[in-house]
Novice: 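Got a structure for you, written out below as structure tokens; questions coming shortly.
As a basis for the values below, the full set of heavy atoms in this structure was taken, side chains included, without hydrogen atoms, waters or symmetry mates. Here is the naming used below: chain letters follow the sequence lines, and residue numbers restart at 1 for every chain.
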Protein chains: 2
Amino acid sequence: MSKIKETSTNFENKIFLNECDQIFAASLIAGQWTLVICCHLTTGKLRFGELKKRIPTITERMLTLQLRKMEEGDLVKRTVYAEVPPRVEYELTKSGQELSPILKQLGEWGKNHRKTRNAEKSCTTHKVLAQ
Amino acid sequence: MSKIKETSTNFENKIFLNECDQIFAASLIAGQWTLVICCHLTTGKLRFGELKKRIPTITERMLTLQLRKMEEGDLVKRTVYAEVPPRVEYELTKSGQELSPILKQLGEWGKNHRKTRNAEKSCTTHKVLAQ
DNA sequence: CTGTATCCTATTTGATACTG
DNA sequence: CAGTATCAAATAGGATACAG
């Protein structure tokens, strides 16, 4: 990458271009339950009821909404079997699986970041006092 | 990691443990403007007004709110200079900088994912028709 | 079993005006 | 310059009941 003056419009545009994909990606994993669902599906396909059981605090409404959103974003694949009683299975798409290692890194970062923060908190009390 | 039966509660707990850090991390980068700000700060410290100029569509209110949230999350450091007129500079913390490469990967994934989706869309029209 | 429909609350964001 | 204050709009999320 050649050097660009930091004041040039082009320089700023390069940054924005990069942003857009990140923001697009972030919008796909946004939502209270998306990552939770993602995580459970990394180990394989699951039925609606199985997901519900693994995430006891989610309501059926939210599970449906989130799964629909993830389906729309091509993160999960929904397979309906024409049986009685109905059976519907959810699994990560190829893209969804490719996201997993990145999310794992994000988790690692989160773990370390949390540690660092706690370590700092025990030294400096001004934040607590400010409350 | 030793093998655990997939039906055991422990197995599910392991997944949940992993989730938590991810969700914690996600909550820190959530918000309409967080990633945009993050991105601009990767190239160095910026003043309030400079950020505002680089993100023309953000309101001062939102810029303030997001920066405060990111400060609270220890992603950015805020430095106030006792000058007239006032000068305040924002920069990524060490943790914030460590997040950058992960966000870059997320952006790469987003770019590819977007491509894949568009390619699929041009072949299959049922989704468009369903609308 | 796998969802929908309805109603309601909480949180987030935006518009605009004002301040030390 | 770097914010606050206030009000309004939009969006996300939850509780509950019901349906194919």
Novice: Angle, rounded to 10°, between the helical axes spanning five pairs at each terminus of the helix from C:dC1-D:dG20 to C:dG20-D:dC1?
Specialist: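 One end axis against the other gives 50°.
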Novice: For B:E89 and D:dG3, give me the distance from atom CD to atom C1', rounded to whole Å.
Specialist: 16 Å
Novice: Tell me whether B:M70 is reachable from B:V80 by hopping between hydrophobic residues (I, L, V, M, F, W, Y) whose side-chain heavy atoms are closer than 4.5 Å.
Specialist: yes
Novice: Cationic tip of B:R47 within the cone over B:Y90's six-membered ring, i.e. under 6.0 Å and within 45° of the normal?
Specialist: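 No, B:R47 does not lie over the aromatic ring of B:Y90.
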Novice: Rounded to whole Å, how long is the line connecting atom OH of A:Y81 with atom P of C:dG3?
Specialist: 13 Å
Novice: Any chance you could list the contact pattern along nucleotides 13-20 of chain D? Use B for base contacts, S for sugar-phosphate-only contacts and - for none, protein heavy atoms under 4.0 Å, 5' to 3'.
Specialist: BBB----B
Novice: Between A:E98 and A:K94, is there a salt bridge with N-O shorter than 4.0 Å?
Specialist: yes
Novice: Rounded to whole angstroms, how far apart are CG on B:L46 and C1' on D:dG3?
Specialist: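 Whole-Å distance recorded here is 17 Å.
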Novice: If every non-hydrogen atom of B:L46 is compared with every non-hydrogen atom of B:H40, which pair is closest and at what distance?
Specialist: CD1-O, 3.7 Å
Novice: C:dT2 P sits how many Å from A:R68 CZ, rounded?
Specialist: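 About 12 Å, once rounded to whole Å.
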Novice: Does B:W33 reach the side chain of B:L63, with side-chain heavy atoms less than 4.5 Å apart?
Specialist: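 They are not in side-chain contact.
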Novice: For C:dG3 and A:R78 - does any side-chain N or O of the residue sit under 4.0 Å from the phosphate oxygens OP1/OP2?
Specialist: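 Affirmative; the distance criterion is met.
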Novice: Could you state the atom-to-atom distance from CD1 of A:I23 to C1' of C:dT13 in whole Å?
Specialist: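 The distance from CD1 of A:I23 to C1' of C:dT13 comes to 15 Å, rounded to the nearest Å.
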Novice: C:dT2 P sits how many Å from A:E71 CD, rounded?
Specialist: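 It is 15 Å, rounded to the nearest whole Å.
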Novice: Under 4.0 Å between a side-chain nitrogen and a carboxylate oxygen: does that hold for A:E108 and A:K111?
Specialist: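 Counted as a salt bridge, because a side-chain N and a carboxylate O are separated by less than 4.0 Å.
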Novice: Consider the side chain of A:Y90, meaning its heavy atoms from C-beta on, and name the nucleotide among D:dG3, D:dA2, C:dG3 that approaches it most closely.
Specialist: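 Nearest listed nucleotide: C:dG3.
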Novice: From C-beta outward on A:V88, which listed nucleotide comes closest to its side chain: D:dC1, C:dT2, D:dG3?
Specialist: C:dT2
Novice: Using a distance-only test with no angle check, is there a side-chain donor-acceptor pair under 3.5 angstrom linking A:T79 and A:E89?
Specialist: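 The criterion, which ignores hydrogens and geometry beyond distance, is not satisfied for A:E89 and A:T79.
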Novice: Looking at side-chain heavy atoms only, is the closest gap between B:L51 and B:I58 below 4.5 Å?
Specialist: no
Novice: Within the structure provided, determine whether B:T42 and B:S100 are in side-chain contact (heavy-atom separation under 4.5 Å).
Specialist: yes
Novice: In whole Å, I'd like the distance from the CG atom of B:L67 to the P atom of D:dA2.
Specialist: 11 Å
Novice: What's the CZ-P distance between B:R54 and D:dA2, to the nearest Å?
Specialist: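 The answer, rounded to whole Å, is 13 Å.
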